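Residue numbers run from 1 in the order of the sequence given. Because the structure is predicted, anything quoted here is derived from the model rather than measured.
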Amino acid sequence: MSRRFLFLLGSSRPDGNTELLARTAAEQLPGDVEQRWIDLAQHPLPDFEDLRHDSDHVRPREGNAALLLDATLAATDIVIASPLYWYSVSAHTKRYLDHWSGWLRTPGLDFKATMAGRTLWGVAALAHHEQEVADPLIGTLSNSAAYMGMRFGGVLLGNGSKPGDVLRDTEALARAKSFFAREAPLARFPYEDAAA
């Protein structure tokens, strides 16, 4: 299967630092790798309604939920490009991940089995120089990948607050050059190693 990257832009600001960093990394992908970019602010999802104890979810047939589900299912690699907002992913991004819960419980979809073995990546700009503040964002993505049986490629972090700041983060730009070239390991929950 040829690789198909889905880039999900989670910022509320167009052309923000996170998107600039993600596009820098994407420029390094081979020309035959398909790229699809979806701005979650331009394709908003409704708040997720948890029906797991009431009824089954139904597969969305139209609108942004259908667009995002179909794009997600078609991708071999999903890139969550979310700036660090209050030490985690943006509201747009969180809402998208919340909808995974419904897709897991949609009869006939086999969402978890379909996603198993695919790769989840992250790209985030933050206004802090201490990158440890991004640990909750990284944990959200790595634990989501582990639960789904996906590979986790890690999170490309860059520093930037004002528009364009990340383009002065030479270390982040250098990491972007080879970020998607790495082989992503199967994700594991952090506590699994301790139990082994």
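- The side-chain heavy atoms of L84 and L157, taken from C-beta on, include no pair separated by under 4.5 Å.
- Here the side chains of L40 and T93 are in contact, with some heavy-atom distance below 4.5 Å.
- A 4.5 Å side-chain heavy-atom check between S2 and E34 finds every atom pair outside the cut-off.
- With rounding to the nearest 0.5 angstrom, the CG atom of L141 is 5.5 Å from the CZ atom of F152.
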message: Before you tell me yes or no, could you show the steps for F111 and L73 under side-chain contact (heavy atoms from CB on, under 4.5 Å), namely the whole-Å CA-CA distance, both residues' side-chain angles and the distance that decides it to 0.1 Å?
response: CA-CA 8 Å; F111 186 67; L73 292 172; 3.8 Å; yes
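- Checked by atom type and distance alone, the side chain of N143 never pairs as donor or acceptor with a backbone atom of F189 at under 3.5 Å.
- With salt bridges taken as basic N to acidic carboxylate O contacts below 4.0 Å, one links E19 and R23.
- Here the CG-CG distance, from D98 to L45, works out to 9.5 Å after rounding to the nearest 0.5 Å.
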message: side-chain contact (heavy atoms from CB on, under 4.5 Å), that's the test. Do L21 and F179 meet it? Break it down for me.
response: CA-CA 11 Å; L21 188 57; F179 183 62; over 6 Å; no
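- Between S101 and R105, some side-chain heavy-atom pair lies under the 4.5 Å cut-off.
- Taking the side chain as every heavy atom from C-beta outward, S82 and T18 never approach each other to under 4.5 Å.
- L137 has its side chain out of reach of I80: every pair of non-hydrogen atoms, C-beta onward, lies at least 4.5 Å apart.
- A distance of 7.0 Å separates OG1 of T72 from CH2 of W100, quoted to the nearest 0.5 Å.
- The distance from the OH atom of Y85 to the NE2 atom of H92 is 7.5 Å, given to the nearest 0.5 Å.
- Within the 4.5 Å cutoff, the side chain of F180 has no heavy atoms near those of the L156 side chain.
- Counting heavy atoms from C-beta outward, L68 and H99 have side chains that stay 4.5 Å or more apart.
- The aromatic rings of F7 and F5 sit parallel to each other, their planes meeting at less than 30°, with 60° as the upper class boundary.
- In this structure, CG on L20 lies 12.0 Å from CG on D169, to the nearest 0.5 angstrom.
- With rounding to the nearest 0.5 angstrom, the CZ atom of R151 is 14.5 Å from the CD1 atom of I78.
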